Amino acid sequence: MARAEVSVAESQLSLTRPENGALVIRLSGDWRIGHDLPNADGVAKEIESGSGLRTVSFDTSEITGWDSNLLTFMLKVTQWCAEKKIECRNEGLPEGARRLLKLASAVPERQGAKKESRREPFLARVGSGAMQFVASTGEIFAFLGGASLAFGKLLVGRASFRRSDLVLFLQQSGAQAVGIVSLISLLVGLILAFIGAIQLQAFGAQIYVADLVGIAMVRVMGAIMTGIIMAGRTGASYAAQLGTMQVNEEVDALQTLGISPMEFLVLPRMLALILMMPLLCVYADVMGILGGLIVGVTMLDLNPIVYLSQTKASFTLTNLWIGLLYSAVFGVIIALSGCLRGMQCGRSASAVGEATTTAVVTGIITIIVATAVITVVFSVIGV
Amino acid sequence: MSVVEPHIVVKGLDMGYGSFILMKNLNFTVNRGDVFIIMGGSGCGKSTLLKLLVGLKEPSRGQVLYNGVSFWDTDPDERDRMMRRFGILYQSGALWSSMTLAENVALPLEQYTDLSRTQIRDMASLKLALVGLAGFEDFYPSEISGGMRKRAGLARAMAMDPDILFFDEPSAGLDPVSARLLDDLILELRESLGTTFVVVTHELASIFAIGNNSVYLDVETRSMTASGDPKKLLAESTDPNVRNFLTRGEAGSQAESPVE
């Protein structure tokens, strides 16, 4: 490889048959990556058809440079020769190339090492899908059971977690979420007021915008909006935190110490969300009503005092309790789905990403389903 | 160690994942005060065996006895108590990243002892000093080097003065000098505390320097093909795979003398 010739000749290939049964392949020029290689079909044809051909040898005295380009060509020729049981003499090759070739063929290809992509029949896929579903449902229930046990231990005061962790999670899921909750719920209040205003103006009943926004926010919208925000914000971060701890064997380290990850990791996170969600929800209600007020005053020319007293008239404690119940349930759902996906996380970086995604998806879907269920229940019992 | 007394006994152990069997019929005994090496090529199940010994994974078949008590047949509370007598150093250190080094070492003490805060703090400082990390109490795991993280992991593993210390690849990712220091530390601890060590490794220098008992897991036959003092195995074993492993694949040539 050390030949330093200035002229860069094109790589060339010529075949000669000096005597019967022998083929000499003469290589010349530059055989490095970046140079077009001569067509090897001629060699292949010669070897394939070579009647009475017994040996193939090489002459590389005029080669000016080589690298893996030459080696791949050589491997091809060696393979053709092996197929036809022709002796392939590589004495004529540069020393380094000979050694590399030897290295490449030192370990034979492992049988069955290449992965086959086999497509399973339809029924088998349905079956394994169903079995996976059963298994994952089992996992979810086991997790729920573990979480309930940890909660029970908390009630009797025997749960082991660090109080400082709880305070930190309270801050993360409470105080630090205020900004985004303000923005979103203010906007939701605005949107509700706008939609209501267009319809109600037609009847000259603009003032009922206050009722609409007030009741909708307090009874359900405040809770749903905070739920969705927190699922994206805190649920995802729980899944990522626990997932990373799985990857780093930190969860194993807890377990082998006899410390239950359920109590130590999941419980304080769950507790923080259950405590903070209702507070955030009340705050979101207030911001939503404020959004409605802005629309009422600027677009419908309502007096702010009149708007607020109308809101007050429509406000009932029952609605507030219902809203708080929703938000507490959402808190449990978000914490559980975040922690569940985090604890199920595999041992790779992409698994953490997956855990985060599924945590948010599971969280939001469950929130919507739970809303539907609770709403139906309340309408049946007539609250 | 004058009195030889079995500490860990493994009987007819099969391990695997689902229906896939990784290793069949493992039988060995670790005596109190041994430095027991689990060795074998990559992917042969060394780390899985370790997981199984520390109770993170259930065996497919067979038993593990600690001081004569079967780990998997006993009730969960007793199992928890047994696990508390283990100290484990994970491959990556596995320090809890949201806590300082002192808090990491202190957590097991907080959980299982009635010591006062200052006592726990002193104890954590002592353990960190033992592994050469005095003064690093308030550092977070992400602020120190890989070698230091390993040593901090060791300090945490020793927090409860365990009976058995398990090491998963202690010298992986360490420079030769740090690896040697860790080996010296292991020997020192064994001499002074009489702790039993179970070490998963494929560092030959470490194996000969610290091990006085071992088991070799063979990938091809999926079973243990040799056990005993690694130095003796090097001198006497006739199994070509074991010889290959212990001589870095130079089994045919003259065997080097072990590192003393």
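Chain identifiers are assigned alphabetically (A, B, ...) following the order of the sequence lines, protein sequences preceding nucleic acid strands; residue numbering begins at 1 within each chain. Just so it is clear, the model here is predicted, and its values are computed rather than measured.
Chain B forms more heavy-atom pairs under 4.5 Å with one residue of A:Asp252, A:Asp165, A:Asn248, A:Leu168 than with any other, namely A:Asp252. Between chain B and the residues A:Thr244, A:Val251, A:Thr256, the largest count of heavy-atom pairs under 4.5 Å involves A:Thr256. No other option in B:Ala159, B:Gly55, B:Gly153, B:Ser97 has as many heavy-atom pairs under 4.5 Å with chain A as B:Ser97.
For B:Phe166, no part lies near chain A; criterion is any non-hydrogen pair under 4.5 Å. Both the backbone and the side chain of B:Gln91 come within contact range of chain A, judged by heavy atoms closer than 4.5 Å. Both the backbone and the side chain of A:Leu254 come within contact range of chain B, each with at least one heavy atom under 4.5 Å from a heavy atom of that chain. Using a 4.5 Å cut-off between heavy atoms, B:Arg156 touches chain A through its side chain atoms alone.
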Between B:Phe20 and B:Tyr17, does a ring-ring contact (aromatic ring centres under 6.0 Å, His included) hold up when you go through it step by step? CA-CA 5 Å; B:Phe20 173 72; B:Tyr17 294 92; 7.6 Å; no
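Relative to the ring axis of B:Phe86, B:Arg84 does not place its NZ or CZ within 45° and under 6.0 Å from the centre.
Using cut-offs of 30° and 60° on the angle between ring planes, the pair B:Phe167 and B:Phe197 is tilted. Below 30°, between 30° and 60°, or above 60°: for A:Phe169 and A:Tyr238 the angle between ring planes is above 60°, a perpendicular geometry.
Nearest heavy-atom pair across A:Ile334 and A:Gly227 is CD1-O, 3.3 Å.
Using a 4.5 Å heavy-atom threshold, the side chains of A:Ile228 and A:Phe330 count as separate.
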